[in-house]
Amino acid sequence: MQTSFINIESIRNDFPILKRKVHKDKALVYLDNAATTQKPIQVINAISNYYLTYNSNIHRAVHELAEEATLAYETTRDKIAKFINAKNREEIVFVRGTTEAINLVAYAWGRQNIDKDDIIVTTEYEHHSNIVPWQLLAKEKGAKLEYIGVDDNGELILDHLDKYLQTGKVKLVAFSQMSNVLGTITDSEEIVKRCKKYGVRVLIDGAQSVPHLKVDLQKLDCDFFAFSAHKMLGPTGVGVLWARKELLQNMVPFNGGGDMIREVHKYETTWNDLPYKFEAGTPNIADVIGFAAALDYLDKIGMDKVREHEMELTKYALDKLSQMKGIILYGPKDVTKRGGVISFNLGDIHPHDLATIIDEDGIAIRSGHHCAQVLMERLDVSATSRASFYIYNTKEEVDVFVKSLNRAKELFKL
Amino acid sequence: MSSADIYREIILDYYRNPRNYGKIPDPDISQRDSNPLCGDELEMHINIKDDKVADVKFTGKGCAISQASASMLTELIMGKDFEYVKKLAKEDILDNLGLQNLGPARIKCALLSFKVLKTGIYSYLVDKLKDTASADKMKEEVSGIY
């Protein structure tokens with residue numbers, strides 16, 4: 001019972017971990033993809049092949065191993081630029097992940113461009129990584145942090161944005177392209193359009209969107225864009241900051257050290273060209289190379305197919321879940337407005353208890369505040385349970401999940 | 001432990017109908033803590049009179065294990081000698097709950113209220129009794145709970 005869009009059987013064969021059993025003899029049903037995805041053998045092989053056959057440091061040495069490693073590392077940059085349709089490869093900066101990318105912008109752009117009484121706007125459905133860096137910056141500068149609210153359907157109330165923009169004090173609007181809790185897909189182009197009218201810079205957190213939707217940066221027209229490899233089949237410890245060339249050129253370096261310099265003298269240093277100005281020290285070479293294999297893998301399937309598969313699976317799951325008595329489902333009902341992330345609460349079963357119970361049936365879901373406590377306050381809950389899908393999930397797995405939820409209900413006598 | 005062993009009738013009952021839930025105005029001991037990983041919250045109020053626990057109440061949000069454990073702990077110490085409460089060990093709490101074999105992730109839920117209790121006693125020893133020797137011992141115990 002696979003969806004009509006991709007050949008799940010052959011995809012599942014590429015993921016060795018999906019063959020393992022948990023709790024002795026239970027097949028693993030991995031529904032925690034919004035936290036991190038599993039890795040196909042192609043990615044694992046790319047990393048191990050680097051260490052086995054051409055491990056070396058990049059950029060400086062002239063020997064053959066270094067040339068191979070540099071080429072593989074830099075080829076990943078080209079693949080990323082193509083994957084998100086960025087205009088220039090030098091606008092792609094490798095970082096450790098989305099969190100570091102946002103902190104880089106807060107530090108290297110924010111400290112130069114945000115002043116006292118300026119306003120930074122974010123949203124109520126942000127991950128802590130798109131809230132805390134701005135809180136730190138606002139405190140340091142005496143600036144204000146404001147929030148675009150979330151309506152009862154789990155969508156942003158864009159009137160709030162207009163209200164802040166009209167003050168003329170907004171310098172930056174930072175938001176997630178897809179909520180990691182509600183799955184809501186933000187109307188990003190509309191927000192960017194409104195911000196441009198006021199000359200306001202826009203940062204988009206693409207951690208949840210790039211793995212699941214086709215993202216076109218030239219169409220989006222934002223100023224900063226951040227995402228992580230590990231949520232899209234790639235390894236942990238690699239992320240991307242994309243920013244407009246003219247912004248990157250005027251920003252101060254985030255870290256000082258090797259590789260980011262042109263010339264170092266006793267009291268003075270000139271910076272290397274973009275993007276190397278922002279990549280101090282030996283980078284995470286192996287995992288950047290592994291990331292290229294993840295991009296190839298997704299490219300081969302096609303992001304349109306990925307999206308269609310997840311929409312069908314999400315619809316199937318929402319249909320089944322909404323029939324359960326006592327369930328509260330969060331986020332938009334319309335699957336064209338949301339990704340494959342389903343947050344819910346079941347009766348008075350606390351999400352941690354629920355996750356413990358269904359884990360026994362081999363099902364991995366997330367429970368808690370999902371690093372989105374501002375949203376939890378808005379929803380007036382302390383926690384939710386969250387199931388999130390990816391390309392290797394099947395309708396049968398959704399059935400196992402629903403059956404296990406029913407077992408939890410029985411245990412709690414609901 | 002299997003779910004069926006954890007979520008027994010008694011745990012569910014204390015979760016849904018917590019005994020000693022609430023606050024004490026102007027208590028001798030008032031202590032709050034949360035588990036940053038899962039967001040469980042717990043606050044405990046205690047009154048001490050004649051070296052006994054004269055009253056104890058708690059409020060909190062969280063999973064069945066953490067909330068039932070807190071409620072059962074208040075019943076365990078109500079009316080008891082302060083010395084007895086000082087000496088309670090985490091094994092006593094887990095035995096009382098019948099949850100001796102929880103995994104590392106969930107044992108923190110079961111012991112959150114115990115940690116709150118011991119931290120509260122520590123503050124009481126320092127601030128009210130000025131008993132630094134016992135307080136130091138208590139501090140060491142608190143840091144080793146998880």
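Below, all heavy atoms of this structure are taken into account, side chains as well, without hydrogens, waters or symmetry copies. Residue numbering restarts at 1 for every chain, and letters A, B, ... go by the order of the sequence lines.
In terms of modelled atom types and a separation under 3.5 Å, the side chain of Asp51(B) and the main chain of Phe82(B) share no donor-acceptor contact. Looking only at distances, no side-chain donor or acceptor of Thr99(A) sits under 3.5 Å from a matching main-chain atom of Ser129(A).
Contact annotation for Ser66(B): neither backbone nor side-chain heavy atoms come within less than 4.5 Å of a heavy atom of chain A.
Contacts of residues 8-25 of chain B with chain A at a heavy-atom distance below 4.5 Å involve Glu9(B), Leu12(B), Tyr15(B), Arg16(B), listed in sequence order.
Between His352(A) and His350(A), the angle of the ring planes stays under 30°, which puts this pair in the parallel group of the 30/60° scheme.
Between the side chains of Tyr392(A) and Thr37(A), no donor-acceptor pair of N or O atoms lies under 3.5 Å. There is a side-chain donor-acceptor pair under 3.5 Å between Ser3(B) and Glu360(A).
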Practice task
Decide yes or no on side chain to side chain donor-acceptor pair (under 3.5 Å) for Thr314(A) and Arg338(A), but give the supporting numbers first.
Solution key: CA-CA 9 Å; Thr314(A) 306; Arg338(A) 68 182 296 159; over 6 Å; no
